[in-house]
Engineer: 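Take this structure first; my questions come after.
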Amino acid sequence: MRMLPEDRLLALTTMAAAAAATVMVTQLTERSWRLAFGEKPPDNPAAAEVSWGEAIAYSAALGLLVGLGRLVAKRLATSGLEHHLGHRPSGLRR
């Protein structure tokens with residue numbers, strides 16, 4: 001079986017990890033919002049029916065948590081790939 005070039009393997013691994021993290025963090029954020037406020041978060045924070053405060057709070061929380069989740073997932077995926085390969089992937093640069 002032929003292996004993908006390291007740069008493509010790195011890209012696929014980090015994209016998959018980031019996508020999974022986005023789904024998990026979004027679900028966790030929605031559950032946390034329900035726990036904290038007793039209602040589901042806004043489906044569309046830009047809708048006129050959603051207050052500015054609620055729209056800003058939810059968008060800021062979701063954006064921050066998704067960004068952090070993706071960062072953690074990508075770093076863990078990269079570390080795992082590095083361990084699997086036995087060296088730093090060639091496509092990984094500072």
Side-chain angles (χ1 to χ4, degrees):
M1 185 168 139
R2 190 174 144 208
M3 194 164 140
L4 289 171
E6 285 182 13
D7 59 337
R8 290 203 179 157
L9 187 59
L10 176 65
L12 287 172
T13 302
T14 57
M15 282 191 304
T22 299
V23 170
M24 290 187 311
V25 170
T26 300
Q27 290 174 351
L28 180 62
T29 304
E30 288 175 0
R31 287 187 193 127
S32 298
W33 186 272
R34 283 190 182 124
L35 263 172
F37 299 104
E39 61 185 38
K40 73 181 214 127
D43 290 326
N44 179 7
E49 299 82 29
V50 179
S51 72
W52 275 100
E54 185 179 15
I56 291 169
Y58 184 68
S59 297
L62 185 60
L64 174 68
L65 295 173
V66 166
L68 288 173
R70 290 172 55 94
L71 171 65
V72 169
K74 285 181 173 186
R75 289 192 67 149
L76 289 172
T78 301
S79 176
L81 185 58
E82 186 174 343
H83 179 74
H84 175 74
L85 294 173
H87 63 275
R88 174 172 268 172
S90 59
L92 189 61
R93 56 185 172 272
R94 191 171 202 308

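Since the structure is predicted, the reported quantities are computational estimates derived from the model, not experimental observations.
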Engineer: Stepwise, does the side chain to side chain contact (heavy atoms under 4.5 Å, CB included) test hold for Val50 with Asn44?
Structural biologist: CA-CA 8 Å; Val50 179; Asn44 179 7; over 6 Å; no
Engineer: List the atom pairs, with distances to 0.1 Å, where a side-chain N or O of residues 6-17 and a protein N or O form a donor-acceptor pair under 3.5 Å, not counting sequence neighbours.
Structural biologist:
residue	atom	partner	partner atom	Å
Glu6	OE1	His87	NE2	3.3
Glu6	OE1	Ser90	N	2.8
Glu6	OE1	Ser90	OG	3.4
Glu6	OE2	His87	NE2	2.6
Thr13	OG1	Leu9	O	2.7
Thr14	OG1	Leu10	O	3.0
Thr14	OG1	Ala11	O	3.2

Engineer: Tell me if a side-chain donor or acceptor on Ser79 pairs with a main-chain N or O of Arg75 at a distance below 3.5 Å.
Structural biologist: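 Absent.
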Engineer: I need the full list of salt bridge (Lys or Arg N to Asp or Glu O under 4.0 Å) pairs touching residues 49-72, with sequence neighbours left out, sorted by first then second residue.
Structural biologist: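 Found none.
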Engineer: Please list, chain by chain and in numerical order, all residues satisfying side-chain hydrogen bond (donor to acceptor under 3.5 Å, both in side chains) with His83, sequence neighbours excluded.
Structural biologist: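 So His83 forms no side-chain hydrogen bond (donor to acceptor under 3.5 Å, both in side chains) with any residue.
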Engineer: If you compare all heavy atoms of Pro45 against all heavy atoms of Ala55, which two are closest, and at what distance to 0.1 Å?
Structural biologist: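 Taking every non-hydrogen atom into account, O-CB, 3.2 Å.
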Engineer: What residue pairs, at least two apart or across chains, pass ring-ring contact (aromatic ring centres under 6.0 Å, His included) with a residue in residues 34-74?
Structural biologist: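 Qualifying pairs, neighbours excluded: Trp33-Phe37, Trp33-Tyr58.
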Engineer: Which heavy-atom pair separates Val66 from Val25 by the least distance, and what is that distance?
Structural biologist: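 Looking at all heavy atoms of both residues, the closest pair is N-CG1, 3.6 Å.
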Engineer: Quick one: which residue pairs count as a salt bridge (Lys or Arg N to Asp or Glu O under 4.0 Å) with a foot in residues 13-42, not counting sequence neighbours?
Structural biologist: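 Non-adjacent pairs meeting salt bridge (Lys or Arg N to Asp or Glu O under 4.0 Å): Lys40-Asp43.
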Engineer: Cluster partners of Leu64, using ILVMFWY side-chain heavy atoms under 4.5 angstrom, listed by chain and number?
Structural biologist: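 Other cluster members: Leu68.
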